[in-house]
Amino acid sequence: MTKEEWLENYIGAFNRGDFDAFTAFYAEDVEFDLGGRHFIKGRQGIRDFYTEVFARVKETLTVKQVVLDDEGLACIIDTEFEALEDWPDFMVGPMEKGDKFFIESFIFYTIGPDGKFTHIRTTRSRG
């Protein structure tokens with residue numbers, strides 16, 4: 001599998017809400033820093049977080065630019081959030097059912113020796 005196919009498999013699984021497939025990319029003890037606003041420890045913690053998010057919001061990622069090597073992945077990603085229900089305290093801002101919100105983020109992934117993400121850091125660049 002090429003690096004491009006690997007990334008497409010990860011993003012595709014995330015966009016489909018395929019928890020087993022996209023969390024398989026994470027090390028068991030992965031650390032996820034959402035721009036200093038929220039910190040998640042562990043593969044199961046990320047799965048639990050997105051289980052709640054995906055129940056309330058459809059989140060779709062589009063990769064705009066990527067740099068990928070054996071040790072890391074850096075990308076610019078557009079994210080569309082579509083509210084499936086009212087969520088007044090959603091971390092990107094209050095949303096009412098049907099609202100759409102767009103952000104652009106820089107996301108940096110550290111890849112461990114086993115090919116799994118060990119650390120993820122995000123920061124919002126727009127939106």
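Below, each value reflects all heavy atoms present in this structure, side chains not excepted, and no hydrogens, waters or symmetry copies.
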CG on Leu61 to CD1 on Ile11, rounded to 0.5 Å
5.0 Å

Check: Thr118 and Val30 side chains under 4.5 Å, non-hydrogen atoms
no

Any link between Phe54 and Val57 through a network of hydrophobic side chains (Ile, Leu, Val, Met, Phe, Trp, Tyr) touching at under 4.5 Å?
yes

Salt bridge (Lys or Arg N to Asp or Glu O under 4.0 Å) contacts in which one or both residues fall within residues 32-57, not counting sequence neighbours
Asp20-Arg47, Glu28-Arg43, Glu31-Lys41, Glu52-Arg56, Arg56-Glu85

Using residues 91-106 as the side-chain source, report each donor-acceptor pair under 3.5 Å to any protein atom, sequence neighbours left out, with the distance given to one decimal.
residue: Asp99; atom: OD2; partner: Glu96; partner atom: N; Å: 2.8
residue: Glu104; atom: OE1; partner: Ser125; partner atom: OG; Å: 2.7
residue: Glu104; atom: OE2; partner: Lys64; partner atom: NZ; Å: 2.6

Would you check if Asn9 and Phe25 make a side-chain contact, meaning some heavy-atom pair closer than 4.5 Å?
yes

Separation of Asn15 CG from Thr79 OG1 (nearest 0.5 Å):
9.0 Å

Sorted by chain and residue number, the side-chain hydrogen bond (donor to acceptor under 3.5 Å, both in side chains) partners of Tyr26 (sequence neighbours excluded) come out as Tyr10

Take atom CG in Asp70; do more than 12 heavy atoms of anything else shown fall under 6.0 Å from it?
no

Spell out, yes or no, whether Phe90 and Phe49 are grouped together once hydrophobic residues are joined by side-chain heavy atoms under 4.5 Å, including indirect joins.
yes

Mind checking whether Phe22 and Arg16 have side chains closer than 4.5 Å, heavy atoms only?
no

Any idea which heavy atoms bring Arg126 and Arg124 closest together, and the distance?
O-CG, 3.4 Å

Output the distance between atom OG1 (Thr62) and atom CD1 (Ile76), rounded to the nearest 0.5 Å.
13.0 Å

How about Val66 and Leu73: do any of their side-chain heavy atoms sit closer than 4.5 Å?
yes

Please tell me if the side chains of Ile120 and Ile40 come closer than 4.5 Å, counting only heavy atoms from C-beta onward.
no

For the ring pair Phe14 and Tyr50, is the centre-to-centre distance below 6.0 Å?
yes

Output the distance between atom CZ (Phe117) and atom CD1 (Ile107), rounded to the nearest 0.5 Å.
10.0 Å

Contact check, side chains of Thr122 and Phe32, non-hydrogen atoms, under 4.5 Å:
yes

